[in-house]
Asks: 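A single structure is presented below for examination.
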Amino acid sequence: MLSKTKTSREPKLPVTQLLILSICRFAEPVALTGVFPYLPEMIESFGVPPNEVAKWAGITSAVFSISQCLTAIQWGRASDKYGRKPIILMAMSFAMTSSLLFGFSRSLKWAIFARALSGASNGNVGILRTTVAEMVPQKSLQPRAFSILPLVWQIGSIVGPILGGALASPAKKMPQWFGNSTFFKTFPFALPNLVNSIFFTVGIIEGVLFLKESNEAKKFNRDYGRVMGSYLKGLFTGRGRHSRRISEDDFEYDGSGSQSKRNTVPTAPPRYREVFTPQSNLNLLCYCILALHGVAYDQLLPVFMHSPIDRSGVSLPFRFRGGFGIDSGRIGVIFMAYGVFSMITQFTLFPYFTNKFGALTMMRICTLVFPIAYFITPFTVLLPTETLQQAAILAVMIVKGLAGVFAFPCITILMTNSAKSLRLLGTLNGVATSLSAIGRAAGPYTCGTLFTWGVSHDYPVVAWWFLAFFAALGHISTWWLVEMDGFGGKEPETESSDDGSDDIMLDERGMSTTHTGADADMHDDAAAALLDSEDKDSGIGNEDEPLLGKEGKI
């Protein structure tokens, strides 16, 4: 666990590493949300009758979540064993492959298989949260730190629908460029996934070269990717290449290629009874319910918007039929506006209000908004003009989006701080991802089935009120939550080995030493003096290159 010496400065966000994590994260929300605008058209292109599109869209989304549920815990435990960085990069590689397979689908079975593979490879959600928690254990910094990945999600949710809506079926939408392309006529939904593979590739390369390992047991291992990244950075920034670079390996290895025993951290795998505390269990329940209705709403909206206009047989207040009758391009624009608003509020409002009122208070307020928004949604189709209809649904989406912007990172903060130690977070977040995947599977599938039934029987409110019911349950469950203190703080913290004989302290530079009993105070004073000397004389400790000399030279 990271801690500071007695004379250390106020904690600061590791901005550079959080930015690197954000780049790694970006492609996944683009890939996930990019299918929303064209998924109904894609399913129709496989010969599915229009009145069954919602059902198969729900099934396609459900298999993604079921596969994620079956593999999320294994991804989390693998990151505990092998380190966060290699598992993050491996999951990104698999996610890129499955995204391409989905874009090249020519049958419903193949599309479902590709989405299942995509879900099985989507293990980064929990691992990235764990990485952020390990980088930023201080509670005062958590609202800002834990808002960054959701902010990236919001940006990806803007870019994804734009790409999906604009680039799907390019032979039809852009005949001047792709009208004669046999390839894009054969694979009309390949282009947005090909473009997204570029984002994946950039994220993987950047992660290999610059991402630091945050797993306590693995962070001192040699990282040849970062060695190469530092060398390339020196080439492109014009720094000299002939001075010797002070690397992490110089501090953590004895020169023979084996890791020094003084840096060894206990790595016993956590037991499940350590992970499942009462508060952690409540947070997992709230997170699962939130994922069920929050994701299902976003999945069902494009189907509702794409449904043909039909105003016959209206018998208010509950019996009516038809949707907005708009195409994937317009759906993409609406989702873009939705994403822009969410992105702005994520960056500006969330940290301020969460710091002022606390994560638990904001969680309770926002979960009260969800059922109201879901209750209103189906009635927007009854407004007299197309402009009013689309303005109304956008307004409802913005209200729901504002609640989601607060709710998801708030429950993440609450769940992170409910763990007994950082050592448990890989498994806890893996379980959270798995349970939330169950919610994301059950929600879209059930809502898709209910919506199909509602369209056939002229009761479209059924699916939306199903979501409102679960959202109300989610709000009620928050009243049993307690906001815990978390792991960070201004005082130094230590972790003990299993036998209690040694204490291993990491200062803010990531350097570890072993000390016992009365040696601790001498160590703190010596370490502080050493760090002050390094800051003045060698430049060690800057955020971008914490172990690089002041000249930045090799």
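Note that this is a predicted model, so its numbers are computed, not measured.
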Asks: Could you tell me which non-hydrogen atom of Ala407 sits nearest to which non-hydrogen atom of Met363, and how far apart they are?
Replies: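 Taking Ala407 first and Met363 second, the nearest heavy atoms are O-SD, 3.5 Å.
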Asks: In a table with atom names and distances, give each donor-acceptor pair under 3.5 Å that connects a side chain of residues 115-122 to protein atoms at least two apart or in another chain.
Replies:
{"unit_1": "Ser121", "atom_1": "OG", "unit_2": "Leu117", "atom_2": "O", "d": "3.2"}
{"unit_1": "Ser121", "atom_1": "OG", "unit_2": "Ser118", "atom_2": "O", "d": "3.0"}

Asks: Side chain to side chain contact (heavy atoms under 4.5 Å, CB included) for Met228 and Leu209? Distances and angles first, verdict last.
Replies: CA-CA 6 Å; Met228 177 61 70; Leu209 296 178; 3.9 Å; yes
Asks: Quiz question: by atom type and distance under 3.5 Å, do the side chains of Thr377 and Tyr297 form a donor-acceptor pair?
Replies: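 Distance-only check passes for Thr377 and Tyr297.
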Asks: Taking the side chain as C-beta and beyond, is there a heavy-atom pair between Tyr38 and Pro192 under 4.5 Å?
Replies: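 Sidechains of Pro192 and Tyr38: in contact.
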Asks: Can you run down the ring-ring contact (aromatic ring centres under 6.0 Å, His included) pairs that involve residues 109-131, sequence neighbours left out, and say none if there aren't any?
Replies: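 Pairs touching residues 109-131 that pass the test: Trp110-Phe113.
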Asks: Looking at side-chain heavy atoms only, is the closest gap between Thr361 and Arg364 below 4.5 Å?
Replies: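 No, every pair of side-chain atoms sits at 4.5 Å or beyond.
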Asks: Looking only at heavy atoms, what is the nearest atom pair of Ser418 and Met484, with distance?
Replies: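 What the structure gives for the nearest pair is CA-CG, 3.9 Å.
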Asks: Stepwise, does the side chain to side chain contact (heavy atoms under 4.5 Å, CB included) test hold for Ser436 with Cys288?
Replies: CA-CA 4 Å; Ser436 69; Cys288 181; 5.6 Å; no
Asks: How far does CG of Leu300 sit from CG of Leu467, to the nearest 0.5 angstrom?
Replies: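 Interatomic distance, Leu300 CG to Leu467 CG, rounded to 0.5 Å: 7.0 Å.
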Asks: Side chains of Arg222 and Tyr224: does their closest heavy-atom pair fall under 4.5 Å?
Replies: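 Yes, close enough: below the 4.5 Å cut-off.
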Asks: Between CD1 of Ile289 and CG of Leu435, what distance do you get to the nearest 0.5 Å?
Replies: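 That separation rounds to 11.0 Å.
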Asks: Between Asn215 and Tyr82, do the side chains contain an N or O donor and an N or O acceptor separated by less than 3.5 Å?
Replies: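 No - no donor-acceptor pair under 3.5 Å links their side chains.
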Asks: Heavy-atom distance under 4.5 Å between the side chains of Met415 and Asn429, does that happen here?
Replies: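 Met415 reaches Asn429 side chain to side chain.
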Asks: May I ask you to check whether Phe370 and His475 place their ring centres under 6.0 Å from each other?
Replies: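 Centroid separation for His475 and Phe370: 6.0 Å or greater.
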Asks: Does any N or O in the side chain of Lys218 come within less than 3.5 Å of the main-chain N or O of Ser79, such that one atom is a donor and the other an acceptor?
Replies: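 No; judged by distance alone, with no hydrogens or angles, the pair does not exist.
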Asks: Sequence neighbours left out, what passes side chain to side chain contact (heavy atoms under 4.5 Å, CB included) with Leu282? Give chain and number order.
Replies: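 Counting only residues at least two positions away or on another chain, Leu282 forms a side chain to side chain contact (heavy atoms under 4.5 Å, CB included) with Gln279, Trp480, Leu481.
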Asks: Using 30° and 60° as the class boundaries, would you call the ring planes of Phe451 and Phe304 parallel, tilted or perpendicular?
Replies: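 Ring orientation of Phe451 relative to Phe304: perpendicular.
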Asks: Does any N or O in the side chain of Ser434 come within less than 3.5 Å of the main-chain N or O of Val431, such that one atom is a donor and the other an acceptor?
Replies: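 Answer holds: no.
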Asks: Nearest 0.5 Å, what's the CG-SG distance between Asn283 and Cys410?
Replies: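 It comes to 11.0 Å.
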Asks: Can you check whether Pro143's main-chain N or O pairs, donor with acceptor, with Ser147's side chain at less than 3.5 Å?
Replies: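 Yes, Ser147 side chain to Pro143 backbone: donor-acceptor pair under 3.5 Å.
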Asks: Please give me the minimum heavy-atom distance between Trp465 and Tyr374, naming the atom from each residue.
Replies: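 Looking at all heavy atoms of both residues, the closest pair is CD1-O, 4.4 Å.
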Asks: Is the shortest distance from a Lys or Arg side-chain nitrogen in Arg84 or Glu134 to a carboxylate oxygen in the other one below 4.0 Å?
Replies: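 So Arg84 pairs with Glu134 through a salt bridge.
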Asks: Show your working on side chain to side chain contact (heavy atoms under 4.5 Å, CB included) between Ile344 and Phe341 and close with a plain yes or no.
Replies: CA-CA 5 Å; Ile344 294 172; Phe341 174 81; 6.0 Å; no
Asks: Quick one: does Ser105's side chain get under 4.5 Å of Phe189's, heavy atoms only?
Replies: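 Result no, sub-4.5 Å side-chain heavy-atom pair not found.
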Asks: Going by heavy atoms in the side chains, are Arg144 and Leu13 under 4.5 Å from each other?
Replies: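 They are in side-chain contact.
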Asks: For residues Leu284 and Tyr287, determine if any side-chain heavy atom of one lies less than 4.5 Å from a side-chain heavy atom of the other.
Replies: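 Not touching, per the 4.5 Å side-chain cut-off.
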Asks: Salt bridge check, Lys219 against Asp223: does any charged N sit closer than 4.0 Å to a carboxylate O?
Replies: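 Between Lys219 and Asp223 there is no salt bridge, as every charged N stays at least 4.0 Å from the carboxylate O atoms.
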Asks: Any side-chain heavy-atom pair from Val159 and Phe26 closer than 4.5 angstrom?
Replies: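 Yes, their side chains come closer than 4.5 Å.
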Asks: For Asn417, is there any backbone N or O sitting under 3.5 Å from a side-chain donor or acceptor partner on Glu483?
Replies: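 A pair under 3.5 Å: no.
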Asks: How long is the gap from CG on Leu108 to CE on Met42, to the nearest 0.5 Å?
Replies: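 The distance works out to 9.0 Å.
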Asks: Taking all non-hydrogen atoms of both residues, which atom of Leu292 and which atom of Ala442 are closest, and how far apart?
Replies: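 In terms of heavy atoms, the two residues are closest at CD1-CB, 4.4 Å.
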Asks: Run Phe408 and Leu290 through side chain to side chain contact (heavy atoms under 4.5 Å, CB included) and show every step you take.
Replies: CA-CA 8 Å; Phe408 278 100; Leu290 183 60; 3.7 Å; yes
Asks: Quick one: closest heavy-atom pair of Thr433 and Arg129, and the distance?
Replies: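 The pair with the smallest heavy-atom distance is OG1-NH2, 3.6 Å.
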Asks: What heavy-atom pair brings Gly294 and Lys400 nearest, and what distance separates the two atoms?
Replies: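 Looking at all heavy atoms of both residues, the closest pair is O-NZ, 3.2 Å.
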Asks: In Å and rounded to the nearest 0.5 Å, what is the CG to CD distance from Asn355 to Gln142?
Replies: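 If we round to the nearest 0.5 Å, Asn355:CG and Gln142:CD are 10.0 Å apart.
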Asks: Between atom CZ of Phe146 and atom CD1 of Ile148, what is the distance when rounded to the nearest 0.5 Å?
Replies: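 Rounded to the nearest 0.5 Å, the CZ-CD1 separation comes out at 10.5 Å.
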Asks: Would you check if there is a donor-acceptor pair between the side chains of Asn124 and Glu28 at a distance under 3.5 Å?
Replies: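 The criterion, which ignores hydrogens and geometry beyond distance, is satisfied for Asn124 and Glu28.
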